[in-house]
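Written out below as structure tokens is the structure these notes cover.
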Amino acid sequence: MEAPGRIAATPDTLDFTVENVEKALHQLYYDPNIENKNLAQKWLMQAQVSPQAWQFCWALLSPDKVPEIQYFGASALHTKISRYWSDIPTDQYDSLKTQLFSQIACFSSGSKMVLTRLCVALASLALNTMPEAWPGAVAEMVRVFQEEGGGVDGRARCLALLELLTVLPEEFQTSRLPQYRKGQVRGALGREWGSVCPLLQQLLRRTDSPGAVKARVLRCLSSWVLLDVPLSESEGLVHDCFSALPDPELFDTAVEAIVNAISQPDSQRYVNTLLKLVPQVLALQEQLREAVQNGDMETCHGICRIAVTLGENHSRTLLEQVDHWQSFLALVNMIMFCTGIPGHYPVNETTSSLTLTFWYTLQDEIMSFESDKQAVYLQVYRPVYFQLVDVLLHKAQFPSDQEYASWSSDEKEQFRIYRVDISDTLMYVYEMLGAELLSNLYDKLGRLLTNAEQPTSWQHTEALLYGFQSIAETIDVNYSDVIPGLIGLIPRININNVQLADTVMFTIGALAEWLADHPVMLSSVLPLVLQALGNPDLSVSSVSTLKKICRECKYDLPPYATNIVAVSQEVLIKQIHKTSQCMWLMQALGFLLSALPVEDILRNLHSLITPYIQQLEKLADETPNPSNKLAIIHILGLLSNLFTTLDISKQDDESADSSAPPVKSAPLPPGPNPVVVVLQQVFALIQTVLSKWLNDSQVVEAVCAIFEKSVKTLLHEFAPMVSQLSEMLGQMYSTIPQASALDLTRQMVHIFASETDHFPPIKALFELVTSVTLSIFQQGPRDHPDIVDSFMQLQAQALKRKPDLFLSESLDVKAVTNCKFLSLKFPEAPTVKSTCLFFTELLPHCSDVPPLARVVQEDGKLLIQAVLEGIGGGASRSLMDQFAEVLFCLNKHCFSLLAVWLKEALQPPGFPSTRVTTEQKDNFSQQILRERVNKRRVKDIVKEFTLLCRGLHGTEYAAEY
């Protein structure tokens with residue numbers, strides 16, 4: 001094929017002819033220049049939907065064309081039929097159908113990809129014409145392809161027919177038919193099953209049917225059962241699928257067909273058919289065992305899928321057939337075999353993970369029966385679930401050290417996720433088995449650790465502990481009588497392996513709440529945790545466990561505080577842990593120090609922080625570079641995290657479980673808060689750091705984080721710092737505006753704006769940052785979406801907490817609201833959301849804050865225009881609820897003005913969209929003005945209107961909206 005000239009013209013200047021389409025396809029497939037490829041792609045997409053497509057598509061299917069060109073012709077046909085059906089005159093339906101039949105016959109021995117596209121095109125035609133214009137469509141398809149002639153051999157015709165029958169239901173599932181048509185066509189297709197089923201049975205049962213034909217039959221069945229074909233009507237074919245399972249070539253497609261057939265929601269109605277399926281599934285156990293012995297993972301996987309699908313989808317139905325309880329129990333045991341399949345997941349097997357959701361489903365069904373019936377089922381199934389626990393803990397065991405070392409990082413990650421899934425399953429199973437499960441695990445662990453004669457593998461010990469950890473992490477085990485024994489056993493464990501040590505740590509962490517109620521046991525486990533802190537391999541588990549203990553048990557830790565602080569300081573100085581673990585460790589120390597007397601807190605803070613302050617002083621003198629930047633951010637992060645949890649005002653941490661018993665109260669000391677004392681001491685140093693790093697948003701963010709976290713934790717106790725922090729923030733923002741400074745200002749406004757003593761510095765700061773941000777808007781805010789977003793949130797917070805801030809003569813309220821109108825048109829959704837929040841806070845204050853009322857009266861129409869522009873298609877559909885809230889507030893607080901503004905704004909033709917008529921705009925306006933109480937209704941009205949504006953009303957996109 002010669003290389004034609006490049007397609008550079010637009011559709012207006014280049015005709016959609018056969019020759020030009022071929023040129024564009026050559027450019028798409030063979031031109032090395034990516035821009036040329038993109039041009040060709042765009043042009044071809046326009047060609048495909050053009051009126052000329054009806055002419056060139058048939059010519060492109062000519063036998064002398066290459067498959068890529070023929071494929072485009074077939075795709076163009078499908079596009080025209082599926083998306084532009086209304087353009088086709090009714091008197092051309094028959095000729096189009098005849099041409100498609102003819103082309104499919106021609107390509108039945110040709111290119112497979114072209115054949116499939118042609119079949120899809122004919123399927124689309126059938127869906128658009130059945131049942132009225134083309135009654136008995138499927139019966140006719142079968143008849144046409146069973147007729148001799150056309151020089152096409154029988155096998156090719158048969159495969160072409162099967163391809164057509166397979167894509168027909170698939171095309172239905174993805175079609176854009178209106179909802180009412182979908183119902184009609186689904187019914188028509190259901191009636192056509194009578195023509196399909198005998199054909200599939202005949203082909204599957206004939207001994208001389210080639211493997212390729214049988215495979216296509218199974219694919220076809222898979223496709224049709226997704227239309228909710230009654231299981232009773234496909235029963236014979238499903239039975240034939242089981243007969244096909246021993247054939248390796250048909251195995252995968254047979255599994256798919258069986259799974260699809262028995263997982264249809266409607267299939268549970270056919271109890272007798274389901275009961276007949278159980279022995280067929282049980283009969284696969286021999287094939288399953290052989291597959292396990294031969295290491296055939298694919299066969300194991302397939303058979304397991306069938307068993308699990310039957311069990312998972314029909315547990316309730318099969319449980320209720322009490323006369324057949326033994327056969328269902330046999331199915332459950334078969335699934336148990338699949339759960340415990342030999343080998344380590346995911347290296348030796350990938351089957352066991354498929355079964356886990358079945359155990360959830362079965363348990364849910366059993367526990368949903370009324371108590372008398374439930375008791376009978378529990379008698380049978382509690383022993384099964386105890387067996388399941390043993391199987392799961394066996395599967396959770398790590399392989400030998402040598403084998404584990406040979407695994408790839410991806411395999412190790414998959415195994416980690418698999419263990420998490422097992423952990424979740426054990427936690428769920430606990431709901432059924434209760435305290436007896438913990439006793440069972442404790443007895444096994446006790447026997448394992450006290451049996452001196454029989455050596456135990458660390459893997460076995462680790463798995464049992466993992467079981468305890470899985471349950472204790474989420475279930476309240478405070479009542480359990482085995483936990484003291486478990487805590488007593490932990491020091492007896494010979495910890496000679498990282499994985500085992502990790503699980504010991506996580507188990508202690510999971511028992512932190514229990515330790516808070518039994519503080520006498522802390523001395524047994526705390527030394528283990530502190531020892532583990534020094535091991536970098538146990539970084540995550542040891543630090544997170546210490547943090548949990550310090551959070552839950554802080555009022556019982558003062559006797560151990562000196563030791564905990566000393567060990568923590570040592571590991572921090574040695575830099576044993578990564579940054580995130582260092583931050584956790586600082587949070588742990590914050591919890592710990594919170595429970596100490598103030599003088600002890602200050603003494604510990606001094607020893608803990610002094611090395612970092614000295615380091616920060618040194619870094620502040622250096623010339624800024626990437627290396628010392630990281631060190632500065634690290635030190636500031638350590639301080640932030642320490643101050644996040646160091647809170648002497650609370651009796652208990654806010655994240656603790658509110659249902660837990662009250663902890664011992666610490667009397668509130670007089671004098672400034674220790675955190676404030678430290679912040680005042682380092683304030684000058686932080687200012688020095690800032691002066692050198694003000695250009696760097698990450699350093700500024702880290703500085704702001706120290707104060708923001710301190711403000712959030714201390715609340716009103718932060719008061720002594722308000723004045724100097726406000727001054728520093730103002731200087732920072734005036735020099736180089738950054739979003740983090742606005743976020744900190746918002747926190748200050750939230751907590752201190754309503755306090756008389758602190759209003760002046762807060763007011764001055766608010767006016768300053770507002771003035772600076774307004775100048776950013778004058779220069780062009782598009783480069784600073786983060787600042788705009790934070791500014792909107794700050795303004796909304798100010799309106800919420802202290803509307804008086806907007807009474808200031810030095811605040812240009814009109815300029816502020818004009819910025820908001822501009823922000824409503826930003827492409828960033830978070831910014832638009834924050835701006836809408838500002839307006840929903842502003843509008844209720846029109847009556848009590850005169851400057852706001854004036855601005856709304858003068859410029860409210862601009863707000864309406866911006867909102868309507870967004871609804872009309874200028875903004876993401878995800879923002880429609882926010883726009884609706886603004887309209888609702890306007891209607892509630894400015895009703896008479898809104899009526900005028902809506903009328904004026906919607907008057908220009910083509911606004912807010914060329915797709916809506918004047919009548920539709922008037923209707924929208926009336927609906928909005930009627931709803932002054934029901935906000936949900938306003939949101940629905942806006943969603944409806946935006947779909948009309950975007951041309952999506954009545955489409956599948958609208959259904960998802």
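We count residues from 1, following the sequence as given. Computation of the quantities below employed the complete heavy-atom set of this structure, encompassing side-chain atoms and omitting hydrogens, waters and symmetry-equivalent molecules.
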Could you tell me if the side chain of [Y] sits less than 4.5 Å from the side chain of [X], heavy atoms only?
X      : Y      : result
Val677 : Leu602 : yes
Asp696 : Pro624 : no
Val916 : Phe945 : yes
His716 : Glu755 : yes
Tyr84  : Val49  : yes
Val832 : Gln882 : no
Val816 : Asp812 : no
Ser808 : Val813 : no

Report task. With sequence neighbours left out, write down each residue that passes side-chain hydrogen bond (donor to acceptor under 3.5 Å, both in side chains) with Thr745, or none if nothing qualifies. Result -> none
Report summary line: The side-chain hydrogen bond (donor to acceptor under 3.5 Å, both in side chains) partners of Lys37 (sequence neighbours excluded) come to none
Report task. Flag yes if more than 12 heavy atoms outside Lys692 fall under 6.0 Å of its NZ atom; otherwise flag no. Result -> yes
Requested in this report: Please say whether more than 12 non-hydrogen atoms of neighbouring residues, nucleotides or ligands are located less than 6.0 Å from NZ in Lys42.
Outcome: no
Quick one: closest heavy-atom pair of [X] and [Y], and the distance?
X      : Y      : value
Gly870 : Arg950 : O-NH2, 3.4 Å
Asn891 : Ile928 : ND2-O, 2.8 Å
Pro912 : Leu868 : CB-O, 3.3 Å
Gln680 : Pro720 : NE2-CB, 3.9 Å
Asn628 : Glu622 : ND2-OE1, 3.2 Å
Leu898 : Leu887 : CD2-O, 4.1 Å

Roughly how far, to the nearest 0.5 Å, is [atom2] of [Y] from [atom1] of [X]?
X      : Y      : atom1 : atom2 : value
Thr835 : Leu824 : OG1   : CG    : 5.5 Å
Tyr612 : Glu617 : OH    : CD    : 15.0 Å
Ile601 : Leu593 : CD1   : CG    : 6.5 Å
Ile686 : Leu679 : CD1   : CG    : 6.5 Å
Leu742 : Asp789 : CG    : CG    : 10.0 Å
Leu605 : Thr610 : CG    : OG1   : 9.5 Å

Got a donor-acceptor contact below 3.5 angstrom from the [X] side chain to the [Y] backbone?
X      : Y      : result
Ser640 : Leu636 : yes
Thr840 : Leu837 : yes
Ser726 : Leu765 : no
Ser594 : Thr645 : yes
Thr688 : Ala684 : yes

Query raised in the report: Which is it for Leu589 and Cys550 under the side-chain contact (heavy atoms from CB on, under 4.5 Å) test, yes or no, and what are the steps along the way?
Result: CA-CA 7 Å; Leu589 293 172; Cys550 289; over 6 Å; no
How would you list all residue pairs meeting ring-ring contact (aromatic ring centres under 6.0 Å, His included) that involve [range], not counting sequence neighbours?
range            : value
residues 838-881 : Phe821-Phe839
residues 753-775 : Phe752-His758, Phe766-Phe806
residues 683-709 : Phe683-Phe707
residues 858-916 : none

Taking atom types as modelled and ignoring hydrogens, do the side chains of [X] and [Y] form a donor-acceptor contact shorter than 3.5 angstrom?
X      : Y      : result
Gln738 : Ser697 : no
Asp743 : Ser790 : yes
Thr770 : Gln795 : yes

Going by atom type alone, with no hydrogens or angles, which donor-acceptor pairs under 3.5 Å involve a side-chain atom of residues 727-734 and a protein atom two or more places apart or on another chain?
unit_1	atom_1	unit_2	atom_2	d
Tyr733	OH	Thr773	OG1	2.8
Ser734	OG	Gly730	O	2.6

Query raised in the report: With the threshold set at 4.0 Å, does a side-chain nitrogen-carboxylate oxygen contact exist between Arg854 and Glu858?
Result: no
**Report entry** SB check Lys943 Asp940 (cutoff 4.0 Å)
**Finding:** no
Which residue pairs pass the side-chain hydrogen bond (donor to acceptor under 3.5 Å, both in side chains) test when at least one of the two sits in [range], sequence neighbours left out?
range            : answer
residues 908-922 : Thr917-Gln920
residues 923-939 : Glu885-Lys939
residues 581-591 : Lys547-Gln587, Gln587-Asn641

Requested in this report: Can you sort out the partners of Pro760 under side chain to side chain contact (heavy atoms under 4.5 Å, CB included), two or more places apart, ordered by chain and number?
Outcome: none
**Report entry** Residues in side chain to side chain contact (heavy atoms under 4.5 Å, CB included) contact with Ala753, at least two apart in sequence or another chain
**Finding:** Val749, Ile762, Lys802
Report task. Could you please spell out the steps behind the side-chain contact (heavy atoms from CB on, under 4.5 Å) verdict for Ile736 and Asn695? Result -> CA-CA 7 Å; Ile736 296 176; Asn695 279 311; 2.6 Å; yes
Query raised in the report: Passes side-chain contact (heavy atoms from CB on, under 4.5 Å), Val678 versus Phe643? Steps please.
Result: CA-CA 10 Å; Val678 172; Phe643 297 155; 3.8 Å; yes
**Report entry** Derivation and outcome, side-chain contact (heavy atoms from CB on, under 4.5 Å), residues Asp804 and Val849
**Finding:** CA-CA 7 Å; Asp804 291 3; Val849 183; 5.7 Å; no
